[in-house]
Amino acid sequence: MRRNNLKKNTLHELLMANNVLKMAKENKRIDGRDFLDYRPIKIEPNVIEKPDASARVMLGDTFIIVGINFEIGTPFSDSPDKGILITEGEVLPTASFGAEAGPPSEEEIEISRVVDRSIRESGVVDLSELVIVPGEKVLKMFVDFNIFNDDGNIVDAAVLGTVAALLTGKMPDPKYIAEHIDEIDKISLKEVPRVPIPVKDIPISTTLALIGDKFYVDPNYVEESVAEALITITHTKNDEICAVQLYEGALGYEQVFEALNISLNKSREIRDILLSMVKNESTETNE
Amino acid sequence: MRRNNLKKNTLHELLMANNVLKMAKENKRIDGRDFLDYRPIKIEPNVIEKPDASARVMLGDTFIIVGINFEIGTPFSDSPDKGILITEGEVLPTASFGAEAGPPSEEEIEISRVVDRSIRESGVVDLSELVIVPGEKVLKMFVDFNIFNDDGNIVDAAVLGTVAALLTGKMPDPKYIAEHIDEIDKISLKEVPRVPIPVKDIPISTTLALIGDKFYVDPNYVEESVAEALITITHTKNDEICAVQLYEGALGYEQVFEALNISLNKSREIRDILLSMVKNESTETNE
Amino acid sequence: MRRNNLKKNTLHELLMANNVLKMAKENKRIDGRDFLDYRPIKIEPNVIEKPDASARVMLGDTFIIVGINFEIGTPFSDSPDKGILITEGEVLPTASFGAEAGPPSEEEIEISRVVDRSIRESGVVDLSELVIVPGEKVLKMFVDFNIFNDDGNIVDAAVLGTVAALLTGKMPDPKYIAEHIDEIDKISLKEVPRVPIPVKDIPISTTLALIGDKFYVDPNYVEESVAEALITITHTKNDEICAVQLYEGALGYEQVFEALNISLNKSREIRDILLSMVKNESTETNE
Amino acid sequence: MPKKEKKNEKVDEFIRPDGRKYDELRPYKIRAHILKNADGSAEIRLGGNWIIAAVYGPKEHFPKFEISQDRAILNCRYHMNPYSTSERKSPKPSRREIELSKVIRNALTQSVILDDFPEMSIDVFIEVAQAEGSTRVASITAASVALADAGIPMRDMVVGCSAGKYNGHIILDVGEIEDKEGEADLPIAIMPNLRKVVLLQMDGKMTHEEFKKAFDLALKGAMQLYEEQLNALKNILESMSTLGEGEINEKK
Amino acid sequence: MPKKEKKNEKVDEFIRPDGRKYDELRPYKIRAHILKNADGSAEIRLGGNWIIAAVYGPKEHFPKFEISQDRAILNCRYHMNPYSTSERKSPKPSRREIELSKVIRNALTQSVILDDFPEMSIDVFIEVAQAEGSTRVASITAASVALADAGIPMRDMVVGCSAGKYNGHIILDVGEIEDKEGEADLPIAIMPNLRKVVLLQMDGKMTHEEFKKAFDLALKGAMQLYEEQLNALKNILESMSTLGEGEINEKK
Amino acid sequence: MPKKEKKNEKVDEFIRPDGRKYDELRPYKIRAHILKNADGSAEIRLGGNWIIAAVYGPKEHFPKFEISQDRAILNCRYHMNPYSTSERKSPKPSRREIELSKVIRNALTQSVILDDFPEMSIDVFIEVAQAEGSTRVASITAASVALADAGIPMRDMVVGCSAGKYNGHIILDVGEIEDKEGEADLPIAIMPNLRKVVLLQMDGKMTHEEFKKAFDLALKGAMQLYEEQLNALKNILESMSTLGEGEINEKK
């Protein structure tokens, strides 16, 4: 749908959009994929050394980097026994002709929040293990993702990158900080011993575009621009649904369940890809 | 005057504005009121349950809600022995064709500050009774008012609503908090025992529009739009003046005192209406 | 260069700009100065009584006021043994036809940062003497400069004003505060005994415009508008370079060193002027 | 305030925090045409929720360069008032409010016939005066009535309802405590005659089976609220034919 | 800085914090045409207050869609410099500064003949370099001189002055301590020949009788400052006729 | 990541924090055309620095009133990503980033032939994914390659390099620790064939003699990086002539 961006599209993009619709009639996608196929996925954890965790994801030509930083903070008054998770995504102005620098747009806020919910609701990180002193000091986990090139399906790439970073990153040990709480103002967080991030699940989001009554898995930028509906569904490793977002458009009642089923199958497949890539890279880089 | 809004006025409003001027020559107002009459007033305290105090006011078709919340804060360094009062008003975009969402406009800031002064300078709330620990912790009182429909004379409606809310609301007991100051980070403010808000006065503001050398009391939206001058005067229950604001236009020297006298008389009348409505409602809702 | 401003220039300014170029061919400047001459300089310290230090500088028709205030703050975690210096400059909308009110422009941020570096890098103020309790409390020094009339070469005027203010101002005694650290919340900073600001150097910036392969020292507004390059170089009292900024344009490799040499000579001359004016004024006003 | 009728009948499976049955809506009431200045307006009370929606337009769109040549632009703002929650809410739009404005706009856009008004814009403003869970779907329900009240042509009404999971049970119309302490929240909005889902979000964890149950419950609740939307519009039409214009705006 | 002349004469009723009589202005001085670039400018010193006003225009107005067809737009900004108060003031406009910009603009608008310049705008910028009470009225007084210096046609000068109540006494020209510790503050601005009040605000508590006394005092003070406005303009006219243009801009 | 080759050869004068000689650049690699959507793009790795630049344009400029009749407008944004530094950086542009955007824009503007595209604009976006000292000059080096990749006509390449003073020694290509703990930093950018300096800043303290030595070192380093710029562009040209378009975008 991307209505806001449409008017900024280049002529090239408009022609491509037309092609998507033409080929839909022949049951084909413009890049030759099957309707249920993802594009090639490449996940590189620890691609940036400064933050506590990081990963780069290439999903076709969608190029995204995720960085995760931990800071010491104060828990929210209504959840004194939980660490804090903050997720912020930015579509960099490098990403496409229509992308703009500046404060987060409505669209950037929406995708950040969908990624946040995919992470948070799945319980991938047990926030209660980020507590230093209950009600007083907790770890605050910042997930920042940036889209350097947008060829569609940002959210799936961002969730993949975030989970890959969590699986391979390290965080400052909250127990160590608790034991040295009196010197907290003098501790440099970077010198606190690291422990693995307490990961409990492997959520996978899958995004589907509806074009002419057919679902396109992992839509690219042009497919998104002509989609009648666009939806993300996130599954936990136990096949539970943990986040859904209909971004744009309308679905028939039955189509909702068709989408859920497609998503479930794809999520298992993508989870395997993720785990194989993280395992390779994490031995390579971490040991 | 409302010059900024004029260009956004609907045709209907422009025709009505013309009518005001035409009828002025026949010594009449467009809604048939006498020049010194207020429109029907309806005051409902405790209309919202979430905040510590609230009220809805209908002044003719001007529809406004006031909510008051208390938080714990740090006193200003130049008044360590006083609580803090913060008043913010927003003309919601629902209120009129010309109203806009977004950061407070110049006009919204002005009316908030006039309402604030009417409350603050009258001493309606004894801010020294909001102190928890002098110089360290005080109660911070937020007065928020929203205009849902603007048919003119927002300020009088907002002052009425604020006073009604103060008279019927409750606040967390500062003495109780002082006695539990060591646990202050763990106290949920909502669980602190409530006491009545220490109200010392009943300030009443009255707003007058000057049209063709005649003062119109309680001007409606259209009358405001053609007014040559617009002024609010607030009186305490002891007939002292405690706030004056000439929003727009010019007054002759003698007209200043004419306005003060009209205002004094009206303020006594409106104060009685307020007290009768608050008494009814407060027994109804509070006991 | 001032490209952004050019379009806002008055016709008068455009004609004057043309004159600069015409007279350049005759080896003359529009105001009759020699290419290496500054305009008349007038420095008045302590021109405002409210802040801890202040000065007014007139550089020809460039009119600028600097005020310096000290507050108590927390040191940055990577420099626990240093006070904090914050420099903010604003070109007031009074300053020229093209100047605008509002958040700091790119140009205002740049000149603030150049003034800041001239002060900071020269070590004019020994920030380690602003420490109250290492790692916990330090003095935070705000340097605010405002341009009331901009006739060019704002930076040199601002550096002169800042140094003059530092030489003649007083700051709250950090030792006194350290001794009374328990009462820190109750101390009014204005009542703390004053000591001289620990000034260690007398940095002088000199700004040069390149017009037709010739350097113009202390360019005025119109000269700046036609300059092919604009550069500021700051020297310490020991003739070290402590800040350089090429704002706009390009320089040949040899021109860089030509500019450095001109700047060195002028900096010694201007430093003498500054010291003589500060000595006079400081006895006048401080004793 | 609408009275919360405490039902003391024997409940099927378990007691919800406010005593409702698992498939029971909170008390609700919709009234149309409640603001004088707006072209259309409505309020909804759903349990402790009190939400007011206003519509202005179709009208000339500013700024000019954003104009759409072939259809109207639908703007939509979802906004919580500072006193609508237990802790004061800053009047500045939060990231949550920005997201909800977008998904609500999408839901309404599916129904409004925007092609009828090229180069114009229609503004929908939603103000949450008091929030007690499931505000986004209640907002859509009220906004749709306000659009109808403004005479904007629509393909269908849009009506929203939530379901969720609380203490292991699938429940209809998630309340404030159920939202905070429950396991999942599923707000949906539909066009009831066109049988289309126009808002669909989920938070928390549900199996596919639970999701199906919750979705069906939410549909059922939405159909009940759709009846109330029609009632509200009928009441307005009746009062317009029997009373003078002055009376229409009378509150309560 | 203008010297504060400490008056040791016997005071009528009580001692004010700076030793003035109840009906005495602080030392004042107005100078016109003090900035080179502005079309008109002026500064006022009133006790410790030091305020500089500049006028640019009439000039083309941007953005275009705001243009008024039948008159010029008068913009006005009242702004305090960071070093103007005892504690550093953030350069960002506060809510107070925004309110004062509006009431000052209204005061000046009453006098400036805006109909002469349709589609144009006139900008008035007021910078408070040092503040010591009653800055808003001093600002108007300076801005009016700057407008005259810019050759903008006006119906009358606009001149401001404050009165107030301090320790039970009605006083003229409220100083900083009197403002902070006093019972009431009444700033006014007038068009002295047209006998119109164009700014009128009050803070604090006064009886109607006290208000009348304060208002009359403020009028009296304003008339004194009006004389000084005329002096400042006369000085400029004289220097323009006797000196070359270069000398006009000479400071002090 | 490019491997940091630890050189164990005997160093001339002193050991730098990362073992380099005083006149040695960190390992570097420039690659052009790395983003699919941008009209031109490039990345540079210089030690731990990883910077990506993209160019869009020439294209129609908005808003219209800013258009320049006789030349294109060059926009430039230098931006650090939140994970690029040891402590998380807020995504909001800092004052430092705003200053650097300006001086980088100036450097590029000297070379781009803007007169070829009146009324158009060219956007240069620089994203610092990882920062380890001397990012501004590395940014210029990458941006210049991205401009060439976009086919924008230029008078010369623009290439940047830094020199500095650390522990009393003049050094080439200032690293992160040297920047924080060193005595001076001198970033420059040049047009190597036109022999012009287009960025020149200095921080810290140096004598005139030291400055000369540092300046000459930085020039030498810049010439080395200029060769790498040409290599990167040559590689792209080669891959464009030997491979299908799909392959060009292949990473690594």
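Computed from a prediction, not measured in an experiment: that's the story for all the values here. Per chain, numbering begins at 1; letters A, B, ... match sequence-line order.
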Contacting region of A/Tyr253 [heavy-atom separation from chain D under 4.5 Å]: both
Chain D interface, residue from A/Arg113, A/Gln245, A/Gln255 that has the most non-hydrogen pairs under 4.5 Å: A/Arg113
Whether over 12 other heavy atoms sit under 6.0 Å from D/Glu87 CD: no
Heavy-atom neighbours of A/Lys82 NZ exceed 12 at 6.0 Å: no
CA sep, side-chain torsions, deciding dist, call: D/Arg16, D/Glu178, salt bridge (charged side-chain N to carboxylate O under 4.0 Å, His left out): CA-CA 8 Å; D/Arg16 295 173 65 175; D/Glu178 291 160 344; 2.7 Å; yes
Residues in residues 119-127 of chain A near chain D [non-hydrogen atoms, under 4.5 Å]: A/Glu121, A/Ser122
Salt bridge A/Glu110-D/Arg95, side-chain N to carboxylate O under 4.0 Å: no
Ring geometry between D/His208 and A/His235 (parallel below 30°, tilted from 30 to 60°, perpendicular above 60°): parallel
Chain A interface, residue from D/Glu99, D/Glu209, D/Glu183, D/Arg96 that has the most non-hydrogen pairs under 4.5 Å: D/Glu99
Contact class of D/Ile98 relative to chain A, heavy atoms under 4.5 angstrom: both
Chi angles and distances behind the salt bridge (charged side-chain N to carboxylate O under 4.0 Å, His left out) call for A/Glu228, A/Lys214: CA-CA 10 Å; A/Glu228 287 139 43; A/Lys214 210 174 195 86; over 6 Å; no
Engaged part of D/Lys212 at the chain A interface, taking heavy atoms whose separation is under 4.5 Å: both
Interface residue of largest heavy-atom contact number with chain A, from D/Lys196, D/Met206, D/Lys102, D/Gln201, under 4.5 Å: D/Lys102
Residue D/Val198 versus chain A: region with a heavy atom under 4.5 Å: both
Ring centers of D/Tyr78, D/Phe125 separated by less than 6.0 Å: no
Side-chain donor or acceptor of A/Thr232 paired with backbone N/O of A/Thr207 under 3.5 Å: no
Toward chain A, the part of D/Leu194 with a non-hydrogen atom under 4.5 Å: neither
Donor-acceptor pair, side chain of D/Lys165 and main chain of D/Glu210, under 3.5 angstrom: no
Residue D/Leu100 versus chain A: region with a heavy atom under 4.5 Å: neither
Salt bridge (charged side-chain N to carboxylate O under 4.0 Å, His left out) pairs, two or more places apart, involving residues 231-244 of chain A: A/Asp239-A/Arg268
Chain A contacts, top residue of D/Leu186, D/Leu219, D/Leu199 (heavy-atom pairs, under 4.5 Å): D/Leu219
Any donor-acceptor pair under 3.5 Å from D/Asp173 side chain to D/Arg26 backbone: yes
Interface moiety of A/Ile233 toward chain D, non-hydrogen atoms closer than 4.5 Å: neither
